[in-house]
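FYI, side chains are in, hydrogens and waters are out, and symmetry mates aren't considered; it's all heavy atoms of this structure. Numbering of residues begins at 1 and proceeds along the displayed sequence.
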Amino acid sequence: MVNKVVVVGGGTSGWMSASYLKAAFGDRISVTLVESDRVSTIGVGEATFSTVRHFFEYLGLKESEWMPACNATYKLGIRFENWASPGKHFYHPFERLRVVDGFPLTDWWLKQPSSDRFDVDNFVVATLADHLRSPRHLDGTLFGLGKGGTEDAVYRSTLTEQDTQFPYAYHFDAALLAKFLTKYGVDRGVRHVVDDVVEVKRDDRGWISAVATREHGDLTGDLFVDCTGFKGLLVHEAMEEPFVSYQDTLPNDRAVALRVPVDTEERGIRPCTTATAQEAGWIWTIPLFDRIGTGYVYSSDYCDAEEAERTLREFAGPEAEGAEANHIRMRIGRSRNSWVNNCVAVGLSSGFVEPLESTGIFFIQHGIEQLVKHFPQDDWSTQLRDSYNRAVRNVMDGVREFLVLHYRGAAREDNQYWKDTKTRKVPDGLAERLEQWQTKMPEAETIFPHYHGFEAYSYVSMLLGLGGVPLRAPGALDLMDPAAAETELRKVRATSRDLVKSLPSQYEYLAQLH
């Protein structure tokens with residue numbers, strides 16, 4: 001029986017993996033996590049999207065337990081600034097589109113725009129984000145769901161059960177989350193070994209038999225989970241699994257990050273991640289309860305590290321003075337296979353795309369959920385392994401395509417970096433889809449065909465906001481009565497106004513939670 005798991009590497013991916021395995025299988029498996037206190041983690045994966053709630057629910061954790069411990073805040077979507085033109089912003093919200101007479105509300109809006117803000121006209125969340133609202137009332141109820149919208153969510157749900165669009169995700173301090181999950185895992189029986197791995201031992205078949213540590217000897221196991229980051233100590237170095245680069249379509253390969261202390265009570269807490277377009281990439285702004293996390297993602301072909309740090313510090317302002325800069329080399333792409341023999345890579349060792357849509361934590365969650373769903377038996381079925389690899393590959397390839405759309409679809413074209421985004425190679429299938437979307441907006445059947453965490457409304461939001469792809473409303477709307485659609489657009493505005501009045505600010509709600 002396969003019941004002895006060794007997780008190599010800590011940080012967010014290691015402790016999410018170890019905790020999830022314990023939540024799933026309890027004492028029926030043993031889990032050992034080994035991490036070095038001399039290896040630093042990336043530690044900037046602070047934004048998520050709404051499916052991460054399934055992870056916390058699966059572990060049986062309530063927001064009131066983990067959010068204050070991790071300085072967490074709510075995220076209603078992503079605010080894109082300066083992608084279409086300087087000074088202009090729009091939201092990619094966690095909110096599905098309303099449908100009127102068989103057509104998404106955005107189709108009707110495209111036929112006759114109510115204003116120049118498609119997001120405010122079609123989504124309630126956009127207005128809440130503009131006004132720094134919390135998605136929960138002070139009594140804990142979730143907006144729009146009445147008194148039943150509390151934390152009484154379905155326990156042990158997974159991404160597969162995401163049948164409705166939950167209206168928010170989270171920002172959190174990744175180091176504090178790892179610390180929180182360390183205690184969670186150890187309390188439930190995870191063996192925590194702090195040591196250096198000096199050798200990966202393999203048997204005659206090429207399978208991993210043990211990882212040798214400097215002070216604790218050999219750690220043996222049936223299944224080994226590689227959470228060693230970009231290094232890929234097990235999957236790439238020991239198992240020699242090839243890496244598939246996305247660099248030809250997503251050239252941003254560097255980042256520099258700062259942790260900026262701010263007075264969040266005075267400043268307020270914007271309930272969204274902000275992605276601000278720059279000369280050679282974009283800057284993220286992630287508000288936590290006690291500080292701001294910010295970083296410049298850029299391409300080293302267009303910008304060097306010194307210039308990137310200078311740009312970021314100027315953007316962050318005087319509050320960033322004295323903050324230490326963390327320069328990061330990003331490996332953009334994925335392992336050809338994330339499961340090789342008895343080794344499964346999770347997190348950065350499995351794959352990574354730039355964090356434009358906050359997919360790093362999502363990839364970890366998806367990988368570990370799929371591992372539980374595909375957990376091996378004594379025969380180590382190759383069909384099971386192939387199914388796992390296919391699921392992980394599809395998720396990453398799909399996110400890659402969605403991110404490429406951000407650059408190809410952006411109206412911005414004011415320097416060589418942005419001009420090149422319009423001529424660079426795109427993944428197979430995207431060019432054809434882009435042509436199709438110019439005559440008929442994206443729908444479930446015309447986006448990337450495999451599960452990758454994004455729905456058609458996300459593609460619609462990006463195309464409308466980015467402004468670089470010509471779009472037109474369906475011809476059928478010329479022959480239909482728009483009255484019902486106009487009524488629905490007015491309802492969105494009215495609902496937004498009412499919620500801005502009734503919901504507390506995000507700071508007010510979180511201060512109470514703390």
Side-chain angles (χ1 to χ4, degrees), residues 1-41 178 181-182 185-186 188-243 335-351 364 367-368 370-372 374-382 384-386 388-389 392:
M1 181 180 294
V2 178
N3 59 11
K4 193 174 182 181
V5 179
V6 177
V7 180
V8 181
T12 311
S13 61
W15 283 107
M16 282 182 69
S17 298
S19 299
Y20 197 90
L21 288 169
K22 267 298 178 183
F25 300 126
D27 293 336
R28 290 171 289 280
I29 67 169
S30 71
V31 178
T32 298
L33 184 145
V34 56
E35 61 178 331
S36 172
D37 58 5
R38 299 194 300 172
V39 177
S40 60
T41 60
L181 293 178
T182 299
V186 171
R188 287 157 180 77
V190 175
R191 180 190 176 197
H192 184 198
V193 177
V194 180
D195 205 346
D196 299 326
V197 172
V198 295
E199 182 185 0
V200 179
K201 295 186 175 181
R202 300 170 66 183
D203 62 20
D204 294 339
R205 301 172 298 167
W207 292 41
I208 299 174
S209 56
V211 290
T213 63
R214 193 177 304 281
E215 298 177 1
H216 292 77
D218 288 355
L219 302 177
T220 61
D222 304 313
L223 175 68
F224 292 81
V225 182
D226 186 346
C227 295
T228 62
F230 289 131
K231 182 180 180 65
L233 177 64
L234 307 187
V235 73
H236 295 301
E237 294 190 6
M239 309 305 287
E240 300 179 340
E241 184 65 15
F243 179 76
S335 177
R336 183 182 64 180
N337 292 298
S338 291
W339 183 343
V340 183
N341 296 340
N342 64 335
C343 168
V344 176
V346 174
L348 299 179
S349 57
S350 171
I364 297 170
I368 197 65
Q370 289 298 315
L371 177 57
V372 168
H374 292 82
F375 204 76
Q377 296 174 299
D378 288 340
D379 62 355
W380 289 89
S381 163
T382 56
L384 208 61
R385 179 200 63 202
D386 292 346
Y388 178 91
N389 283 326
V392 172

- Message: To check you understand the geometry: which heavy-atom pair defines the closest contact between Val7 and Cys227, and what is its length?
- Response: CG1-SG, 3.9 Å
- Item | Min side-chain heavy-atom separation Ser30-Asn3 under 4.5 Å | no
- Message: Test your reading of the model: is there a side-chain donor-acceptor pair from Asn337 to the backbone of Asn389, 3.5 Å cut-off?
- Response: no
- Pairs flagged by side chain to side chain donor-acceptor pair (under 3.5 Å) wherever residues 225-235 is involved - sequence neighbours left out: Asp226-Thr228, Lys231-Glu237
- Sequence-distant partners of Asp27, salt bridge (charged side-chain N to carboxylate O under 4.0 Å, His left out), two or more places apart: Lys22
- Message: Please give me the minimum heavy-atom distance between Leu219 and Arg191, naming the atom from each residue.
- Response: CD2-NH1, 3.7 Å
- Item | All salt bridge (charged side-chain N to carboxylate O under 4.0 Å, His left out) counterparts of Asp386, not counting sequence neighbours | none
- Item | Shortest non-hydrogen contact from Ala18 toward Val190 | O-CG2, 4.1 Å
- Message: With a 4.5 Å cut-off on side-chain heavy atoms, are Val2 and Trp380 touching?
- Response: yes
- Side-chain heavy atoms of Val344 within contact of Tyr388, under 4.5 Å: yes
- Met16 vs Val346 side-chain heavy atoms within contact, under 4.5 Å: no
- From Leu181 CG over to Arg188 CZ, what is the distance, rounded to the nearest 0.5 angstrom? 10.0 Å
- Note on the structure: Closest non-hydrogen contact found for Leu384 with Pro376 is CD2-CA, 4.0 Å
- Task: Report yes if the side chains of Asn341 and Cys343 come closer than 4.5 Å at any heavy-atom pair, otherwise no.
- Result: no
- Query: Rounded to the nearest 0.5 Å, how far does CD1 of Ile368 lie from OG of Ser19?
  - Reply: 9.5 Å
- Message: Using the salt bridge (charged side-chain N to carboxylate O under 4.0 Å, His left out) criterion, which residues pair with Lys201? Sequence neighbours excluded.
- Response: Asp218
- Return the set of residues passing side-chain contact (heavy atoms from CB on, under 4.5 Å) with Phe25 (not counting sequence neighbours), or none when no residue passes. Leu21, Ile29, Val372, Phe375
- Query: Side-chain contact, heavy-atom cut-off 4.5 Å: Val225 with Val31?
  - Reply: no
- Looking only at non-hydrogen atoms, find the nearest pair between Val6 and Gly221 and report the distance. CG2-CA, 4.1 Å
- Look up atom NE2 in His236 and atom OG in Ser349, then write down how far apart they are to the nearest 0.5 Å. 6.5 Å
- Item | Residues in side-chain contact (heavy atoms from CB on, under 4.5 Å) contact with Arg28, at least two apart in sequence or another chain | none
- Query: Is the closest side-chain heavy-atom distance between Leu371 and Leu223 below 4.5 Å?
  - Reply: yes
- Task: Start with the C-alpha gap between Trp15 and Val186, add the side-chain angles, then the distance that decides, and say whether side-chain contact (heavy atoms from CB on, under 4.5 Å) holds.
- Result: CA-CA 10 Å; Trp15 283 107; Val186 171; 4.1 Å; yes
- Does some side-chain heavy atom of Ile208 sit less than 4.5 Å from a side-chain heavy atom of Met239? yes
- Under the 3.5 angstrom rule, does the side chain of Asp196 hit a backbone N or O of Ser36 as a donor-acceptor pair? no
- Item | Closest contact, heavy atoms only, Gly10 versus Glu35 | CA-OE1, 3.4 Å
- When rounded to the nearest 0.5 angstrom, what is the spacing between NZ in Lys4 and OG1 in Thr32? 7.0 Å
